[in-house]
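In what follows, residues are counted from 1 in the order of the sequence shown.
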Amino acid sequence: MTVEEFVNSGIQLFNFCAVYYVIQLVRCVLFSFVVFAFVVLMRKTVLKNSVFLKGALWSLFLPVLFVGKLKFFYESSIGIILFSWWNGIFINHVWVGWLYLCGVFIYAVRLFYKRRKLKNMVRGMEKRKVDDTIIYVTNLPVTPSTIGVFRPKIVIPAVILKEYDRKELQAILLHEKTHIRLGHLLFYFLWDVLRVLLWLNPLLTIGIKFFREDMEEICDWVTIRRSKGKAYAYGQLLLKSMRILQEESEDFNMFATFVGDKEYQDIRQRMTRIARYRPYKRIVAVSILVVSVLCVMGTVIWIKDISYDRYNENDIMFTYGYDGRNVTFFDNSDALYQMVSYDDSYVYVNREAFENYLYDNHAAGDIFIVFGGFYKLPGVGGTGCTCYYEPGSEDSIVKIPYENPMSDWRVRLLKML
């Protein structure tokens, strides 16, 4: 292989990846609109007062990332009518796929930059130890928060350390530790991944506010239960935090948080939710979590079962004629399977039946038989095996050797994608 051929192969592979993955991602975007509408409707109506079930609703977005290869898009009349023309657009206009991927890249860089900036800011803060817990102290008048996914760090403003007694600080730390313990930091990260990949849906960015509200409400309830305190005392502690920070800086916005979400929380609504707190059994919350995980896993498995595999064996066979400039004949009828068979090295053709078939179809030019191979999605990606049929043989069964492209490293790589 020459350098030019290698470069061209690489370009073709990258273009295929752009088409193949963007076709799937755009379909996921469409499903995400439907799921978002369902989640928002349920959390505002039926599950409005069901704290843990309302939070579990957001797990419905995880299966959305797996719907891009559903057979529905290719094997149902509705799917064909609504979505088949998309493939043509992405295949014939590769730049559209690259444009979408550029949006993914820009969105990801933007979020990475914000996280990196925040991480560097925290790294420069003073570290203290409070009741065997390492915290980072900031002079900014911001609400206590926790950042990081794999190495979470708790940030507490200096004014709160100064004004709070030991018991109140323990409650604040318990709240932040509960966020970590419940995996909320990982959930926020996964939500960022979701909105990066499906950036074409602006509702995923708007929905951050609702998502955080529900996670915060769960954290409040769990913290109250773990602290064995009362909702009233917990609400008083929250109000005290707001008052202290308000006094510390006239510019303090009661809706702001350290992580940069300026519309994160309406304090009045949060107080209302805390006031609705009722003692609950831990087994109930754990059961909801387990059932949610099982439902998500089951949904993903079900989606995979009704979707195309990473690559799919192709059993289509067709033959065509080519005169050097034009295709003179093409046919993929089932009659070919009665006349042609193959194994890993040879194609076997019933000479008499095949030549009568060519005569009846007025075939002209060089005759090629295409068979086997695989495809990624119908009409998108894949390869097949080809052999040339030369008439004039006297054998009743013509044995034609062919080169199997499946041994090529580029084909193997294509199957893995």
With no hydrogens and no angle check, is any side-chain donor or acceptor of [X] less than 3.5 Å from a backbone partner on [Y]?
X      : Y      : answer
Asn312 : Asp309 : yes
Asn332 : Met317 : no
Asp331 : Thr319 : no
Trp199 : Tyr100 : yes
Glu176 : Leu173 : no
Lys153 : Ile147 : no
Asn361 : Ala363 : no
Tyr74  : Gly379 : no
Asn120 : Arg116 : yes
Lys376 : Leu417 : yes

Closest approach of [X] and [Y], non-hydrogen atoms and distance?
X      : Y      : result
Trp58  : Lys54  : CD1-O, 3.6 Å
Lys177 : Thr133 : NZ-OG1, 2.6 Å
Val327 : Tyr320 : CG1-CB, 4.3 Å
Ile81  : Trp85  : O-CD1, 3.6 Å
Leu182 : Cys219 : CD1-CA, 4.3 Å

In Å and rounded to the nearest 0.5 Å, what is the [atom1] to [atom2] distance from [X] to [Y]?
X      : Y      : atom1 : atom2 : value
His179 : Leu174 : NE2   : CG    : 11.0 Å
Trp409 : Arg412 : CH2   : CZ    : 9.5 Å
Arg151 : Ile180 : CZ    : CD1   : 14.0 Å
Ile316 : Tyr375 : CD1   : OH    : 7.0 Å
Leu185 : Met215 : CG    : CE    : 12.0 Å

Could you list the residues that satisfy ring pair (Phe, Tyr, Trp, His ring centres under 6.0 Å) with Phe66, not counting sequence neighbours? none

Sequence neighbours left out, what passes ring pair (Phe, Tyr, Trp, His ring centres under 6.0 Å) with Phe189? Give chain and number order. none

With a sphere of 6.0 Å drawn around [atom1] of [X], does it hold more than 12 non-hydrogen atoms of other residues, nucleotides or ligands?
X      : atom1 : value
Lys71  : NZ    : yes
Ile78  : CD1   : no
Phe112 : CZ    : no
Asp334 : CG    : no
Leu82  : CG    : yes
Tyr20  : OH    : yes
Glu403 : CD    : no
Arg166 : CZ    : no

Do the charged groups of Asp408 and Arg410 touch, with an N to O distance under 4.0 Å?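 Here Asp408 pairs with Arg410 in a salt bridge, since their nearest N and O are under 4.0 Å apart.
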
Look at Arg43 together with Glu217 and state whether they make a salt bridge at an N to O cut-off of under 4.0 Å. no

Are [X] and [Y] near enough that their ring centres are under 6.0 Å apart?
X      : Y      : result
Phe371 : Tyr402 : yes
Phe33  : Phe36  : no
Tyr388 : Phe368 : yes

Below 30° counts as parallel, above 60° as perpendicular, anything between as tilted: where do the rings of [X] and [Y] land?
X      : Y      : answer
Trp221 : Phe52  : perpendicular
Phe72  : Phe83  : perpendicular
Phe187 : His184 : tilted
Phe61  : Trp191 : perpendicular
Tyr346 : Tyr348 : tilted

Do Phe90 and Val26 have side chains that approach each other closer than 4.5 Å (heavy atoms only, starting at C-beta)? yes

Please examine the side chains of Arg128 and Ile156, heavy atoms only from C-beta on, and report whether any two atoms are closer than 4.5 Å.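 Not in contact.
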
Within 45° of the axis and under 6.0 Å from the centre of the six-membered ring of Tyr280, does NZ or CZ of Arg225 qualify? yes

